[in-house]
Number of protein chains: 2
Amino acid sequence: MKFEVMSSILPNSNNADAQAAGAGIASPAPTFSPLYQQIKALIMQRLEAGEWKPGELIPSEVELGGRFKVSQGTVRKAIDELAAENLVVRRQGKGTFVATHHETQAQFRFLRLMADSDEPQRPENKIIEVKRVRASAEVARQLDMKSGDSVIFIRRVKSFNGVPIILEDIWLPGAIFKGLTAERLVEYRGPLYGLFESEFGTRMIRAEERIRAVGADPDAAGFLGVTPQTPLLSVERASYTYGDKPVEMRRGLYLTTNHHYQSELS
Amino acid sequence: MKFEVMSSILPNSNNADAQAAGAGIASPAPTFSPLYQQIKALIMQRLEAGEWKPGELIPSEVELGGRFKVSQGTVRKAIDELAAENLVVRRQGKGTFVATHHETQAQFRFLRLMADSDEPQRPENKIIEVKRVRASAEVARQLDMKSGDSVIFIRRVKSFNGVPIILEDIWLPGAIFKGLTAERLVEYRGPLYGLFESEFGTRMIRAEERIRAVGADPDAAGFLGVTPQTPLLSVERASYTYGDKPVEMRRGLYLTTNHHYQSELS
DNA sequence: AAGTGGTCTAGACCACTTT
DNA sequence: AAGTGGTCTAGACCACTTC
């Protein structure tokens with residue numbers, strides 16, 4: 001808990017109390033940041049620390065304003081940004097809740113593959129393999145670990161309406177996902193990130209994908225029921241939790257004969 | 001210019017004046033929208049009408065507040081959203097400007113292909129072909145026209161550091177881009193959307209892309225210097241201007257041997 | 001009735017830019 | 001010095017939810 005602004009830098013009488021709230025900790029950082037950003041950072045720290053867990057209600061804006069000695073409007077602006085980043089969800093009349101991956105609306109936020117037709121798609125996951133391996137140089141780099149560190153490897157196939165469409169390899173840091181077993185994965189219903197969140201206390205916040213066109217290798221061709229060299233979408237994903245800490249690496253091969261990857265540019 | 005809220009629906013004394021500003025037009029819409037959304041819509045209408053052109057300064061928040069008979073804070077919230085949608089750019093101390101495609105920062109907003117390495121990429125465009133054609137059924141559907149309507153077709157190749165990477169076909173509504181010639185395209189420096197904006201008064205706001213993996217046809221293989229059936233990224237883009245009116249359709253074939261399409265999930 | 005987020009106003013001071 | 005957007009406060013009323 002700290003405020004980065006000193007009264008001398010930001011001689012705003014309104015801020016005096018807020019600065020006092022962080023009293024005792026002299027900040028070495030010379031960079032300015034507005035009060036609401038500092039409040040946002042404070043709330044984010046508490047989210048990260050698990051003070052309020054996914055799905056739970058956080059204190060009201062008035063309550064937080066009192067706690068941090070700032071006006072409700074300032075807390076509001078802080079929470080506005082947290083809501084824009086999907087860390088938190090507002091519900092009028094009820095309050096503000098910590099975002100969770102256990103919601104129908106969140107199911108498709110991280111799967112951008114859409115059917116060309118508008119027929120309903122019954123998704124189905126099949127776990128092919130789960131094993132503990134040593135991190136390769138590339139996996140170690142992506143997950144911010146050392147080469148040879150323990151990593152959990154998952155291979156699965158996602159089908160739509162019974163037709164295999166995605167072959168996906170997933171690498172997870174062994175230290176974080178210690179007790180993860182094939183049995184648990186097979187029996188679990190719902191999105192993987194929901195499992196990570198509720199059983200391993202690791203909430204995925206943000207991801208980046210790198211997309212390429214590749215030819216199917218014999219292995220992939222077998223799983224997807226196509227001939228080798230069939231063009232496939234290669235989707236490499238790096239997932240991050242609080243503080244941009246990497247927590248997952250994926251590589252998916254998407255069959256895009258009757259599906260497409262949807263991207264919004266704005 | 002209209003307000004969708006009647007005093008009886010929104011009995012906020014603060015709004016009374018704002019409602020009066022739209023006086024004379026009875027609104028049939030029964031849906032509620034907050035004042036700042038109405039202000040936002042009003043400003044958007046003026047942007048669309050070209051009252052303030054791209055790159056120009058729009059009136060200050062105080063000025064607009066006076067004009068619409070609402071407080072500066074309400075105008076601010078309206079402009080906040082317009083800025084978030086990239087319709088407008090704020091500059092502290094200067095004012096708020098209509099966004100434009102003639103800015104270095106905007107150059108890469110609509111090209112998500114990145115080099116795998118971090119070597120500098122010298123881009124280069126080569127116009128292959130420009131011709132007037134009749135809209136096929138699919139083009140007509142995408143551009144919201146009738147089959148057979150006049151369409152301008154452009155084919156070009158984009159190279160990085162002298163190596164051809166993208167073959168792109170572009171379809172434009174003939175009615176909007178009437179005077180567009182191959183000569184003008186060849187001599188024009190800078191992003192295509194900049195040309196559209198300053199010479200045809202059509203500003204692209206938003207786009208959607210559908211991505212697939214395909215095998216190179218002989219034609220494409222020739223332009224990109226690869227063998228037929230080489231996997232390529234097929235990127236179909238639909239571009240929209242104000243009011244979600246389609247103004248462009250594209251189909252790019254990206255060679256992703258040393259490049260990748262970058263996508264942020266959040 | 002009480003509490004919550006959602007909207008709106010009014011006024012103040014700040015940092016930045018231009019005159 | 002004057003004008004602009006950026007931040008912060010304080011207070012009001014609203015719509016929605018729960019008790």
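The chains referred to below are lettered A, B, ... by the order of the sequence lines, with proteins before strands, and numbering in each begins at 1.
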Who pairs with A/Glu209 by side-chain hydrogen bond (donor to acceptor under 3.5 Å, both in side chains), at least two apart in sequence or on another chain?
A/Arg237, A/Tyr261
Does B/Ser71 place a side-chain N or O at less than 4.0 Å from the phosphate oxygens OP1/OP2 of C/dA10?
no
For the side chain of B/Val70, starting at C-beta, report the closest nucleotide among D/dT7, C/dT9, C/dT18.
C/dT9
In this structure, how many angstroms lie between the P atom of C/dG6 and the CD1 atom of A/Ile79, rounded?
9 Å
Please give me every residue in residues 52-64 of chain B whose heavy atoms get under 4.0 Å of an atom in DNA chain D, ordered by residue number.
B/Ser60, B/Glu61
Given Watson-Crick and G-U pairs under 3.5 Å, DNA chain C in dot-bracket ([ ] crossing, | other strand) is ||||||||||||||||||.
Could you list the residues that satisfy side-chain hydrogen bond (donor to acceptor under 3.5 Å, both in side chains) with A/Ser198, not counting sequence neighbours?
A/His102
Nearest-angstrom distance from the residue atom CG of A/Asp80 to C1' of D/dG6
15 Å
Distance-only donor-acceptor pairs under 3.5 Å for side chains of residues 110-120 of chain B, two or more places apart:
residue: B/Arg112; atom: NE; partner: B/Gln262; partner atom: O; Å: 3.1
residue: B/Asp116; atom: OD1; partner: A/Arg212; partner atom: NH2; Å: 2.4
residue: B/Asp116; atom: OD1; partner: B/His260; partner atom: ND1; Å: 2.7
residue: B/Asp116; atom: OD2; partner: A/Arg212; partner atom: NH2; Å: 2.6
residue: B/Ser117; atom: OG; partner: B/Glu119; partner atom: N; Å: 3.4

Salt-bridge criterion met for B/Glu248 and B/Arg250 (N-O under 4.0 Å):
yes
Under 4.0 Å from any atom of DNA chain C, heavy atoms only: list the residues of residues 82-93 of chain A that qualify, in numerical order.
A/Arg90, A/Arg91, A/Gln92, A/Gly93
Who passes salt bridge (charged side-chain N to carboxylate O under 4.0 Å, His left out) against B/Glu56, sequence neighbours left out?
none
Can you tell me how far C1' of D/dC14 sits from CZ of B/Phe32, to the nearest Å?
8 Å
Show your reasoning for whether side chain to side chain contact (heavy atoms under 4.5 Å, CB included) applies to A/Leu265 and B/Glu208.
CA-CA 6 Å; A/Leu265 308 187; B/Glu208 284 176 11; over 6 Å; no
Quick one: A/Glu81 CD to D/dC8 P, roughly how many Å, whole number?
11 Å
From OH of B/Tyr36 over to C1' of C/dG5, roughly how many Å is that when rounded to an integer?
12 Å
Among residues at least two apart in sequence or on other chains, which ones pass side-chain hydrogen bond (donor to acceptor under 3.5 Å, both in side chains) with A/Glu63?
A/Arg67
Who are the salt bridge (charged side-chain N to carboxylate O under 4.0 Å, His left out) partners of A/Glu197, not counting sequence neighbours?
A/Arg203
Enumerate the salt bridge (charged side-chain N to carboxylate O under 4.0 Å, His left out) contacts for residues 81-106 of chain B, please, sequence neighbours excluded, ordered by first and then second residue.
B/Lys40-B/Glu81, B/Lys40-B/Glu85, B/Glu61-B/Arg90, B/Asp80-B/Arg90
What nucleotide among C/dT17, D/dT18, C/dT9 has an atom nearest to a side-chain atom of B/Lys94?
C/dT17
Measure the distance from NZ on B/Lys77 to P on D/dG6 and round it to the nearest whole Å.
15 Å
For B/Arg184, the salt bridge (charged side-chain N to carboxylate O under 4.0 Å, His left out) test, sequence neighbours excluded, returns B/Glu187, B/Glu199
Nearest of D/dG5, C/dG6, C/dT9 to any side-chain atom of B/Arg76?
D/dG5
From CD of B/Gln72 over to P of C/dT9, roughly how many Å is that when rounded to an integer?
11 Å
Output yes when at least one side-chain N/O atom of B/Thr74 is less than 4.0 Å from OP1 or OP2 of C/dC8, else no.
no
How about A/Tyr193 and A/Thr202: does a side-chain donor come under 3.5 Å of a side-chain acceptor?
no
Measure CZ/A/Phe97 against C1'/C/dT4 and give the value in whole Å, please.
10 Å
Residues forming a side-chain hydrogen bond (donor to acceptor under 3.5 Å, both in side chains) with A/Gln121, sequence neighbours excluded
A/His259
